[in-house]
Each structure stands twice: as C-alpha cells, then as structure tokens.
Amino acid sequence: MNISTEDILRELGSIVRTDKDTLRAYSSDKWFASALPQAVALPSSAEEVCRVLRFASRFGVPVTPRGAGVGYVGGCVPVHGGIVLSTERMNRIIEISPEDGVAVVEPGVLTADLQSACSKLGWFYPPDPASRKESSIGGNIATNAGGPRCLKYGVTRSYVLGLQVALADGRLLTCGGRTHKNKQGFDLVGLFCGSEGLLGIITRATLRLIPAPQARGALRATFSCFSDSAGTVQQILQTGHLPCALEIADAFTLDAARRHLGTDALPPDARGHLIVEIDGHRDSVNHELNELRELISSHGGTQIVSATTEEEIESIWELRRGFSESLKATGLTKLNEDVVIPRSQLVEFVNFCTSLREESGIPIACFGHAGDGNIHTNIMIPRDDEGNERRAEAESLLHRLFAWVLSHSGSITGEHGIGLAKAPWFPSSIGSVAMDTHHAIKHALDPTGILNPGKLNL
Ligand SMILES: Cc1cc2nc3c(=O)[nH]c(=O)nc-3n(C[C@H](O)[C@H](O)[C@H](O)COP(=O)(O)OP(=O)(O)OC[C@H]3O[C@@H](n4cnc5c(N)ncnc54)[C@H](O)[C@@H]3O)c2cc1C
C-alpha cells in the first residue's frame, strides 16, 4: 500500500523526521550507492522501535535499520525508500558487571565508547573493527564485525550472550541471556549476528567481557619476498604462538606506502611486511617477544622492531593505518574487498592478484589479517584518457577475484557483509540449498518482507 509522508508523520509524530537535509543525511553509508528514504525514524527506546515496526508492517512500508552508517557494503541504504530507522539515540551503556563478566548496552553505543568504559574497570570487550570509533554495537552485531584481534579473540558473535530484538510485526523477542553458557533451544542469538537488518532490529545486547590483558607487545619486520612473510605466519602458529594480530602486506602496498609516507621503515627491497601483536602477563609477553624476534629473523625477517610501550605499539599500528591512506593518496578509487581464503593459500592468492594486475593494468593491493586469511584486496580503479573511471573493467576483475576465492574454499566477505555491494555474487557463493534456507528463515520472521528489502538478493 502506498502511504503518504503525512500519514507517517501523523502515526509516528516526533519519532520521525522528513525534512530534506535529514533524508539526505541518511541516504548512504561508506559505499557509493545512495537512495532517499521517505522518513527517518529516530526512536529513543525499544518500545518506539516496536511502534514504528507495527505501523510499517500494517501498511507494508519498508524499514531499513541503521546504526552509525559506516558500513562498507550499502547495507543501510534504503533502496526501496520507506523509513530508515536509526538507533543513534539508543546509546546508553546500561550496565557493566565485572562480577558476571557482562555489559548490557543499547544498540547505538559506539564500540570504542564501550571499550573505554570497560577498560577503566580493567575489563575488555575485544571485537575491534577498524571503524570502532564510529561504528555502533548494533551495526557490529548485525554485520558480525571483526578486526585484527579476531585471530586470538574471535569475531563479534563470540561476545554476544543475549539480545532483545524487535521483530518485523513489532513484537519484542528476548533470546540468549546473561550467562556465558546457554543451551536453551536453537541458537537464536547466532541467527541475528550477521543478519544485516533483514530479520529484526536489535534493541539491546548483553555482551561478554573478559579481564583485560596486563600487557601488550608488538613486532614488525620486512621481508625480501612475500612468500617468506607468509611462511613466517605459518611458522609462528605452528610453533605454538597465538598472537592477537598477524598483519601482512604485499609489495604493491609497500611501494605505495614508501612513496606516500616517505618512511625509511620500508626499504626499497621490502617485498613483504609483517606485524605481530601479542598480549598477556607482562613477563610472558617479554619472553614471547624475544622468541618471536628470533623466529622472524631466522625466516628472513629484517629491520625487526619490537615495541612494548603503548607509544611504540601505536607507532607500529600507525604505519599499518598508513597503508590504507597511501592507497587512497594514489588518487584512484579503492574497491576494498574483504575476501577470506584458507591461510595455506595466502601466497597463491597474492600471486593470482599480481597476475590479474599485470594482465589488466589495474592496480591491486593486498594487505590484512594473515592469521585468519582475511585479506583486504583493494582493486584501484584508474581513469581513462577522458578522465572517466574504468569501473566496468574493475568490476569484471571482481568477478574473477571472487570466482578464484570461491574455487579455493574461501568466502567473498569476512567482515563487511553482503549488503548491496556483494548481493549479485551471494546466491552462487552459498549455493541453492543454503539460499532456500535463507529464504525460509526470512519468510518466517518477516513474511511481508519489510525489513531491509533489496539486500542479499533475498
Ligand atoms: C574506515 C572503515 C574501516 C572499517 N573496518 C572494519 C573492520 O575492521 N572490520 C569490520 O568488520 N568492518 C569494518 N568496517 C565496516 C563497518 O564499519 C562495519 O560493518 C560496522 O559494523 C558497521 O557499523 P554501523 O553501526 O556503522 O552499521 P551500519 O552501517 O549503520 O549498518 C550496517 C548493517 O547493519 C544493519 N544494522 C545496523 N544497526 C542495526 C540494528 N540495531 N539491528 C539490526 N540491524 C542493524 C544495517 O541495516 C546494515 O545492514 C569498516 C568501515 C570503515 C568505513
């Protein structure tokens, strides 16, 4: 049924805004697509979220959930119009309980705000998307966000104990709970983690906290060839070390960084680079750093730098952040893909990207989370002689990239999700039976399809 903006305003009153500036501000995320909604709902409570959903389901109005809008796949873009429902006003940390090892939060809390509140009490909420200063807990749960520390600590799902979710018909579901183990029925909490706003709107989360590690340490090293750095990753793990982060970079990324940062930390013969971060008890961190230093050196690592103070560790991560900035500074548009491959395929994967680059003349840069095979693969879209982006060519490379990844038991996304950006590849990436299962779950929870329509090809 077509519903007018006046009807929306009459029914939902001060929960919604319909002025042009607001509609524009909620039309996109960090991907390039955008679409204007009819209204933006800014509820302050779960009851207000339910009110919006009761109205929307009665009249068949699309509702696109939105956290902080810093997703990379167009997940919160309202491609079917209707209402964007932003959780930004639901931003209270309700409770942090060291005794139970839990935090209870509203979905609009920013990830970094929760982390710093926990850290003041000596507790730790590990999930660490690079966007954590801007992204919301609700968005992190809905995309099952990860980050460098996933290698040791796991993705967001590992820290979600309980959820309150507003269903499409406006009922409030409570699942999971406050305990660190819970085997009552199906894993409904898991179902909503990574559901990208298609199954319900998360209105409250109970999260698992762990004691903060006493100390951290880090190392960085350069290698004369990429395969030595990938081989060192395998050696580190096979000799019993479990770092919290193991970050690798290829020669193309290092060349861009050397040019942009003008740093002598990356000599011209550096064709591979590794960052290793560990944490734990202070004595064991120091001991392990020494062992890792020797191991890296014996596997071809040079220019090895160890860091034990916060300042030194931060300067290593500053260099890692510089990789991304250096690629942006090339002036080319970056298609940032977050594919995952089995770790043993790392060298073959980078060789494949090099051959794609040589064949097409389109730059491709690979760096990222080597420990779990989640490599940020940046296809850098050049311009033709008329100054137009060679986007169609770059996108045809994406087909080949994803086909390679899938044929090597990989996944087309490890962090960002499917959203709009990867929807065309989604059905073939999971197969027809898994696709039918997705349809059945979607239909059971959202029979009229009002929640985040147009995403995941569902
Ligand atoms: C610079 C940068 C670095 C990044 N680094 C990482 C990284 O390291 N790891 C990583 O995983 N991601 C990363 N991302 C991607 C992004 O930040 C994450 O996907 C993040 O979880 C999005 O959170 P958000 O609050 O902005 O969600 P949004 O972008 O607002 O929404 C994302 C999806 O979640 C849904 N959603 C949001 N809130 C709710 C809710 N309460 N209930 C139900 N559905 C909801 C939306 O409908 C949408 O489908 C990065 C992005 C940027 C821009």
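In listed order, ligands and their atoms are each counted from 1. From a predicted model like this one, the values you see are computed outputs, not experimental measurements.
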Exercise for the section: Identify the residue among Phe367, Phe323, Phe223 that makes a ring-ring contact (aromatic ring centres under 6.0 Å, His included) with His273. Expected result: Phe323
Problem - Asp279 with Lys152: basic N within carboxylate O range, under 4.0 Å - result: yes
Practice task
Verify salt bridge (Lys or Arg N to Asp or Glu O under 4.0 Å) between Glu314 and Arg216, making sure each step is shown before the conclusion.
Solution key: CA-CA 11 Å; Glu314 181 51 23; Arg216 292 161 75 205; over 6 Å; no
Practice task
Would you check if Ser429 and Lys422 make a side-chain contact, meaning some heavy-atom pair closer than 4.5 Å?
Solution key: no
Exercise for the section: Write out the protein residues near ligand 1, meaning a non-hydrogen atom under 4.0 Å from one of its atoms, in order of chain and number. Expected result: Lys30, Pro65, Arg66, Gly67, Ala68, Gly69, Val70, Gly71, Tyr72, Gly75, Cys76, Thr87, Pro107, Pro129, Ala130, Ser131, Ser135, Ser136, Gly138, Gly139, Asn140, Ala142, Thr143, Ala145, Gly146, Glu196, Gly197, Gly200, Ile201, Ile202, Glu415, His416, Asn452
Exercise for the section: Could I get the full list of ring-ring contact (aromatic ring centres under 6.0 Å, His included) partners for Phe226, not counting sequence neighbours? Expected result: none
Problem - Carboxylate-amine/guanidinium contact Arg89 Glu106, below 4.0 Å - result: no
